[in-house]
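Since the structure comes first, as structure tokens, the remarks are kept for the end.
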Amino acid sequence: MLREYLDIKEEVKVALEKKEAVVALESTIISHGMPYPKNVETALKVESIIRENGAVPATIGIIGGRLKVGLTEDEIIHMGKAENVVKTSRRDIPFIVAKGLDGATTVASTMIIANLAGIRVFATGGIGGVHRKAQETFDISADLEELARTNVAVVCAGAKSILDIGLTLEYLETKGVPVVGYKTDELPAFYTSRSGFKVDYRVDSAEELARAIKIKWDLGLNGGLVVGNPIPKEYEIDYNTINEAIERAVREAEEKGIKGKETTPFLLAKVKEITGGESLEANIQLVYNNAKVASQLSVELSKLYK
Ligand code: PSU
Ligand code: MN
């Protein structure tokens with residue numbers, strides 16, 4: 001039945017059959033999170049970092065209505081260049097497939113498709129969350145609901161402060177989603193290693209983290225985890241610089257009446273424009289770092305599931 005919709009790249013299929021380490025990657029970051037050609041360069045480099053760290057990369061996206069687990073280089077270039085790739089979250093999947101369109105998968109939909117293929121670890125930049133002023137706008141990313149229900153560990157650099165990080169953590173707590181700090185007590189805030197908010201648990205090795213994840217799922221505690229991996233110190237952006245840029249971006253979004261699925265891409269592009277590209281370089285570096293940690297986690301988990 002699944003085969004009717006899902007194409008798993010041969011290399012990924014073989015690794016999964018052998019119960020070897022595989023790391024899923026999203027495509028919204030390629031199509032809507034970074035400009036061309038940096039997006040394509042980054043996506044390809046992320047794949048090579050995953051290989052160097054002993055896992056097989058599986059970039060996920062929808063092409064011509066097919067759910068693709070493991071995009072080829074040409075397909076990654078297509079996702080990075082094409083203008084008509086639709087940002088696709090949980091609600092969008094059936095329609096993008098039925099219409100035979102191209103879809104860039106968000107954290108939520110990448111988790112869903114990774115899970116369908118049997119992939120347990122996913123590396124990205126930052127997750128979606130509760131937006132500032134969500135009390136009025138109700139803008140809460142579907143990523144949070146997905147983390148509550150789908151068994152995939154998401155390695156990220158925390159949440160951007162385009163969001164209300166405190167409210168995002170409250171939501172995750174309600175939904176029973178563990179928020180783990182990788183070698184840190186504090187949830188990172190994407191461009192900076194510090195957010196002022198504590199994580200629920202700190203782990204100091206991939207092995208320790210893999211063990212806790214296996215226990216969670218063995219006990220039937222379904223759902224994902226947020227693994228917060230701080231941006232390396234040398235690439236951090238100055239706290240005040242980035243916060244001023246974010247404040248301005250949020251104000252502009254409000255003035256322009258940006259809503260719904262356009263909000264996150266608008267804010268990402270604005271912050272990049274305001275910081276003169278400094279934020280883009282940090283974004284790239286933190287994704288590389290997440291790919292490395294996700295690979296190590298996937299290697300440890302694959303040992304436990306052999
Ligand atoms: N946060 C980032 N970079 C991103 C995204 C979020 O720092 O590229 C993308 C991810 O694909 C995430 C999506 O799943 O935005 C969330 O969108 P929304 O807020 O519309 O759910
Ligand atoms: Mn939203």
Side-chain angles (χ1 to χ4, degrees), residues 24-36 38-39 42-43 46 59-62 79-80 85-93 103-114 122-148 150 152 154-165 167-168 171-172 187-192 195 224 226 228-231 237 242 245-246 249-250 253-254 257-272 275 279-290:
L25 299 157
E26 61 156 303
S27 44
T28 290
I29 193 175
I30 303 174
S31 303
H32 303 280
M34 287 183 193
Y36 179 82
K38 283 270 182 193
N39 55 357
T42 304
V46 164
T59 302
I60 290 178
I62 305 177
M79 295 302 260
V85 183
V86 185
K87 182 176 162 190
T88 305
S89 193
R90 167 178 276 269
R91 61 145 188 219
D92 308 291
I93 293 175
T105 53
T106 62
V107 168
S109 55
T110 303
M111 288 177 76
I112 294 169
I113 298 168
F122 165 18
T124 187
I127 56 167
V130 180
H131 280 260
R132 299 184 185 188
K133 304 217 177 107
Q135 300 92 321
E136 289 154 39
T137 64
F138 272 51
D139 190 349
I140 300 173
S141 175
D143 291 354
L144 299 184
E145 285 296 317
E146 210 55 55
L147 281 159
T150 300
V152 173
V154 181
V155 180
C156 61
K160 269 202 179 74
S161 44
I162 57 171
L163 303 172
D164 188 318
I165 298 179
L167 292 186
T168 300
Y171 199 98
L172 290 168
L187 183 71
F190 204 84
Y191 300 117
T192 54
S195 67
V226 176
N229 181 37
I231 182 172
I237 299 189
I242 196 66
I246 287 169
V250 169
E254 246 176 63
I258 307 285
K259 280 201 281 292
K261 67 193 276 187
E262 307 307 332
T263 304
T264 299
F266 177 88
L267 292 174
L268 298 181
K270 260 293 158 233
V271 170
K272 181 195 153 252
T275 61
S279 67
L280 179 60
E281 194 45 41
N283 196 345
I284 291 169
Q285 293 299 332
L286 66 85
V287 174
Y288 292 164
N289 193 38
N290 295 340

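Atoms within each ligand, like the ligands themselves, are counted from 1 in listed order. Small disclaimer: the values here were computed from a predicted structure and weren't measured. Count residues from 1 along the sequence.
- Thr105 and Ser27 are linked by a side-chain donor-acceptor pair at a separation below 3.5 angstrom, with hydrogens and angles left out of the test.
- Atoms CZ and CD1, on Arg90 and Ile113 in that order, are 11.0 Å from each other to the nearest 0.5 Å.
- Atom OD1 is the N, O or S atom of Asp139 at the shortest distance from the Mn ion (ligand 2).
- Contact annotation: the side chain of Ile246 never approaches that of Lys160 to less than 4.5 Å [non-hydrogen atoms, C-beta and beyond].
- Under the side-chain hydrogen bond (donor to acceptor under 3.5 Å, both in side chains) criterion, Tyr171 pairs with Glu145, not counting sequence neighbours.
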Subject >> Derivation of the side chain to side chain contact (heavy atoms under 4.5 Å, CB included) call for Glu146 and Ile112 >> reply: CA-CA 8 Å; Glu146 210 55 55; Ile112 294 169; 3.3 Å; yes
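- Under a 3.5 Å cut-off, the side chain of Thr150 and the backbone N or O of Val152 do not form any donor-acceptor pair.
- Protein residues lining ligand 1, listed by chain and number: Glu26, Thr28, Ile29, Lys87, Thr106, Val107, Gly126, His131, Ser141, Asp143, Lys160, Phe190, Thr264, Leu268 [non-hydrogen atoms, distance under 4.0 Å].
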